[in-house]
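Every chain is numbered from 1, with letters handed out A, B, ... down the list of sequences. Small disclaimer: the values here were computed from a predicted structure and weren't measured.
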Protein chains: 2
Amino acid sequence: MDVNHTTTVSQTEALNLRYGDGGEPAPGPWNEVIATLLSHRSVRGFRPDALPQGTLETLVAAAQSASTSSNLQTWSVVSVTDPAKKAALAKIASNQKHIEQCPLFLVWLADVSRNERLGLAEKVTLETIPHFESYLVAAIDATLAAQNATVAAESLGLSMVYIGAMRNNPVEVSRLLGLPPGAMGLFGMCVGYPLPTVTNEVKPRLPQSAILYHDTYDTATEAADRAAYDARMAAFSQRHEMTQDTWTKRVIGRMGKIAAMSGRDKLVSILNGMGFPLR
Amino acid sequence: MDVNHTTTVSQTEALNLRYGDGGEPAPGPWNEVIATLLSHRSVRGFRPDALPQGTLETLVAAAQSASTSSNLQTWSVVSVTDPAKKAALAKIASNQKHIEQCPLFLVWLADVSRNERLGLAEKVTLETIPHFESYLVAAIDATLAAQNATVAAESLGLSMVYIGAMRNNPVEVSRLLGLPPGAMGLFGMCVGYPLPTVTNEVKPRLPQSAILYHDTYDTATEAADRAAYDARMAAFSQRHEMTQDTWTKRVIGRMGKIAAMSGRDKLVSILNGMGFPLR
């Protein structure tokens, strides 16, 4: 079994890394698949080494094995290897160099166009396609698929990072990849072997009591959970980024001002122009 | 290692089950994690047996280990065990009995409300929250999390099915679970041990040439791919459901008429009323 060596940390250690001291849930069932999932960390520096033959097809087989709403399969994926296109995509993503660097760059599409072409070929109007719900299903299906590809990649000792910044300019992504109306780049994904200089640690998350509710939504512990998490994230960012940012400060920095959206505040009208009426 | 016994099929057999005779991609790298992913099938009949202690917490730890855009963590999950609530949720989902039957029913939330409360507590307006992009990020984050929980559950020998029908009536889901504005049930998930009478097979998907593109979107093989897949799906549905439905026929049945949306054609105005302006 060819599982990433980073998954050999113990259950106790894996939970400690993911939640930080004092944030760990009680340990439950465990196996190496779960250890692989817990050890995820996003990587933004890749060796140029090519991936083993057939890796892309294995990742796509994993992706296609995820659930898809009513088997509609309203998603696609574009594997980008053309250096000029990778450079242009990196530029859209505020010059994230790892897009050019990684041996495999995937753009995951919310794509109702295939089913639309089916309707056209069969001379049947598919009334549901212009609806917001159809876009949402396509986005959910693309995401389920992409996450299975992520798990498969990490199980093979590869690293990855999602690139939400494809949404900074969906029209240009569409032009570069020749997408038809009804298809859009939902996010990108860099895949490759991490540079030896990349040493980023598993990032702690909110304690489970701030995310998991029982029968009824309940914010009773939220203020205390956030204070504890802020302290853990400040320590984490001091260890790794030479800052002392709390989660609170990061959320405000990211969600506070429209300028932080890099153009994504216009997404509705952009999608409307790309064949998604979002009715 | 406690991996589901269904993962012990060979690579050749797994690819054949997933794509059908003649639809298989060339075999690439392989391991037991990938075999677990390929062996996924949705299950709609569950034994009442309780899950091992700590299973929920392990699934949530896997879920929280998935990527989340800028670490915003704009998702939550409600574990529903109250039989009255499960019955009410089953009713919303057109009486899907497995919602009542399964020992663990999870409702995954797109949830910007936690971050909104953070802004309120810190006396900072988070300008980005009313935007469509923030809803989309929340939906993507909830889906990444849920799919990790799925992989973890299946690795433990459990089965699951997603319940998109939570979106048939998001307002009632919200009322039942006490959700605040800015949180909505994106989909449900049944988890449990499959009934011994449940014998559903891995469902074939479109051939990779219909889903995976290289540098440029390309529909050259699409008509032939769909014809071949229609034949495979007709054979599959004859083996399992005593019908002979092609994929084409299923897509038209599901996407053709607004009536098939079970109320989800109103989703934009419903979300607007739930604290998502989708600006």
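Taking the charged nitrogens against the carboxylate oxygens, Lys249(B) and Glu122(A) have no contact shorter than 4.0 Å, which rules out a salt bridge.
At a 4.5 Å heavy-atom cutoff, the contact between Leu109(B) and chain A is made by side-chain atoms alone. Only the side chain of Lys85(B) comes within contact range of chain A, with at least one heavy atom under 4.5 Å from a heavy atom of that chain. Heavy atoms closer than 4.5 Å to chain A are found in the backbone of Gln53(B), but not in its side chain. If you measure heavy-atom distances from Leu56(B) to chain A, the contacts under 4.5 Å come from the side chain alone. For Leu106(B), no part lies under 4.5 angstrom from a heavy atom of chain A. Of the atoms belonging to Arg114(B), heavy atoms from both backbone and side chain fall under 4.5 Å from chain A. Neither the backbone nor the side chain of Thr150(B) comes within contact range of chain A, judged by heavy atoms closer than 4.5 Å. Residue contact with chain B, scored on non-hydrogen atoms closer than 4.5 Å, is absent for Asp218(A). With a threshold of 4.5 angstrom between heavy atoms, His131(B) approaches chain A through side-chain atoms but not through N, CA, C or O. Contacts of Ser70(A) with chain B are made by side-chain atoms alone, with heavy-atom separations under 4.5 Å and no backbone atom involved.
There is no side-chain donor-acceptor pair under 3.5 Å between Thr246(A) and Arg250(A).
For chain A, the option among Arg18(B), Arg279(B), Met261(B), Gln73(B) with the highest count of heavy-atom pairs below 4.5 Å is Gln73(B).
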